Amino acid sequence: MSLVLDPAAQDLLFREARTANAFTDEPVTDEQVQAIYDLVKYGPTAFNQTPLRITLVRSPEARERLVKHMAEGNQAKTAAAPLVAILSADNEFHEELPALFPAFPQAKDVFFAERPVREGSAAMNAALQAAYFIVGVRAAGLAAGPMTGFDFEGVRKEFLDDDHTPLMVVNIGRPGPDAWYPRSPRLAYDDVVTTV
Ligand SMILES: Cc1cc2nc3c(=O)[nH]c(=O)nc-3n(C[C@H](O)[C@H](O)[C@H](O)COP(=O)(O)O)c2cc1C
C-alpha cells in the first residue's frame with residue numbers, strides 16, 4: 001500500500017483509463033473543460049512558465065478545417081468527437097514570466113531572451129502540461145484521444161500563428177462502442193528504473 005491515492009481514483013486516472021478512438025454523442029461542456037483546466041493548471045513547469053495554450057475546436061466549420069490536416073487514420077474520429085482541443089506551446093511565454101514567477105522576475109531576460117531557448121523550453125513544459133491535461137480529462141470522467149498524426153505546419157497556419165507551435169490534437173468525450181484498441185504492454189519497472 002505505497003500509494004496514498006484512493007484505489008478507485010488510481011483506476012480512473014491510470015489503470016482503467018484508456019485512449020479512446022470512438023465517443024458517444026454526449027457533449028463536453030465549457031464548464032467541464034474549465035474544471036479540467038482549473039485542476040491541471042497546478043501541475044509544475046520550469047519557472048512556472050506554463051506555456052500550454054488550448055484551442056477548443058467547436059464549430060462544424062472549424063472542425064472541417066482541422067480534419068483536413070489530420071492523418072487519414074485520425075480523420076473520422078476527429079470529425080466525430082464531441083470536442084477536439086488543439087494543444088500548443090506559446091513560444092512567447094516569457095512575457096508572462098514576471099507575473100508568473102515573481103520570486104525571480106528577471107528570469108524573462110536572464111534565461112529566456114533568445115527565441116530558440118524559449119522554443120525548447122516551451123516544447124518541454126507544454127508537453128508536461130499536455131500530460132497533466134490528459135489526466136485531468138480522465139479526472140472529469142471523460143476519455144482523451146491524443147494524436148500527433150497531423151500536418152503540424154498546416155494546423156499552425158490554420159489555427160495559430162508564428163509564436164505558437166502545435167503539440168497535439170486531443171479528442172475528448174465519453175467513450176463510445178469499440179472505443180479501445182487492445183491494451184498494449186508496458187515496460188516493467190526493472191526495464192526502466194536503474195539506481196546508481
Ligand atoms: C502524444 C501522443 C500522440 C498519439 N498520436 C496518435 C495518433 O496520431 N493516432 C492514434 O490513433 N493514436 C495516437 N496516440 C494514441 C497512443 O497510441 C495510445 O495512447 C497508446 O497506445 C496507449 O493506449 P492506451 O491508453 O489505450 O493504453 C497518441 C498518443 C499520444 C500520447
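Keep in mind that what you see is a predicted model, and the values were worked out from it rather than measured. Start at 1 and go down the list; that is how both ligands and their atoms are numbered.
A distance-only check finds a donor-acceptor pair linking the side chain of Gln10 to the backbone of Leu5 [under 3.5 Å].
At the top of the distance list for atom 23 (O) of ligand 1, counting protein heavy atoms only, stands Thr19 OG1, 3.3 Å. Of all protein heavy atoms, the one lying nearest to atom 27 (O) of ligand 1 is Arg183 NH1, 2.5 Å. Protein heavy atom at the shortest distance from atom 21 (O) of ligand 1 is Ser184 OG, 4.9 Å. If you check which protein heavy atom lies closest to atom 5 (N) of ligand 1, you get Thr148 N, 3.0 Å.
Contact analysis puts Arg186 in contact with ligand 1, with a non-hydrogen atom separation below 4.0 angstrom.
Protein non-hydrogen atoms do not reach within 4.0 Å of atom 17 (O) of ligand 1. Within the 4.0 angstrom cut-off, atom 9 (N) of ligand 1 has one or more protein heavy-atom neighbours.
Looking at Asn74 against ligand 1, only its side chain comes within 4.0 Å, counting heavy atoms.
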Step-by-step side chain to side chain donor-acceptor pair (under 3.5 Å) determination, Asn21 to Lys77: CA-CA 6 Å; Asn21 297 287; Lys77 57 188 174 186; 2.6 Å; yes
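Close approach of ligand 1 to Lys77 is summarised as follows: ligand atoms under 4.0 Å from at least one heavy atom of the residue are 10 (C), 11 (O).
Taking Ile, Leu, Val, Met, Phe, Trp and Tyr as members and joining any whose side-chain heavy atoms lie under 4.5 Å apart, directly or through other members, the hydrophobic cluster of Met70 also contains Val57, Leu66, Val84, Ile86, Met147, Phe150, Phe152, Val155, Phe159, Leu160, Val169.
Among pairs with a residue in residues 83-102, those fulfilling side-chain hydrogen bond (donor to acceptor under 3.5 Å, both in side chains) read Arg53-Asp90, Asn91-Thr165, Glu92-Arg115, Glu92-Arg118, His94-Arg118, Glu95-Lys108, at least two apart in sequence or across chains.
Classification of Arg174 and Asp25 as a salt-bridged pair fails, no side-chain N sitting under 4.0 Å from a carboxylate O. A salt bridge is defined here as a Lys NZ or Arg NE, NH1 or NH2 lying under 4.0 Å from an Asp or Glu carboxylate O, and Lys68 with Asp151 fails to meet this definition.
The residue from Gly149, Ala179, Pro146 that puts a heavy atom closest to atom 6 (C) of ligand 1 is Pro146.
Ring planes of Phe112 and Phe47: perpendicular class, angle over 60° (limits at 30 and 60°).
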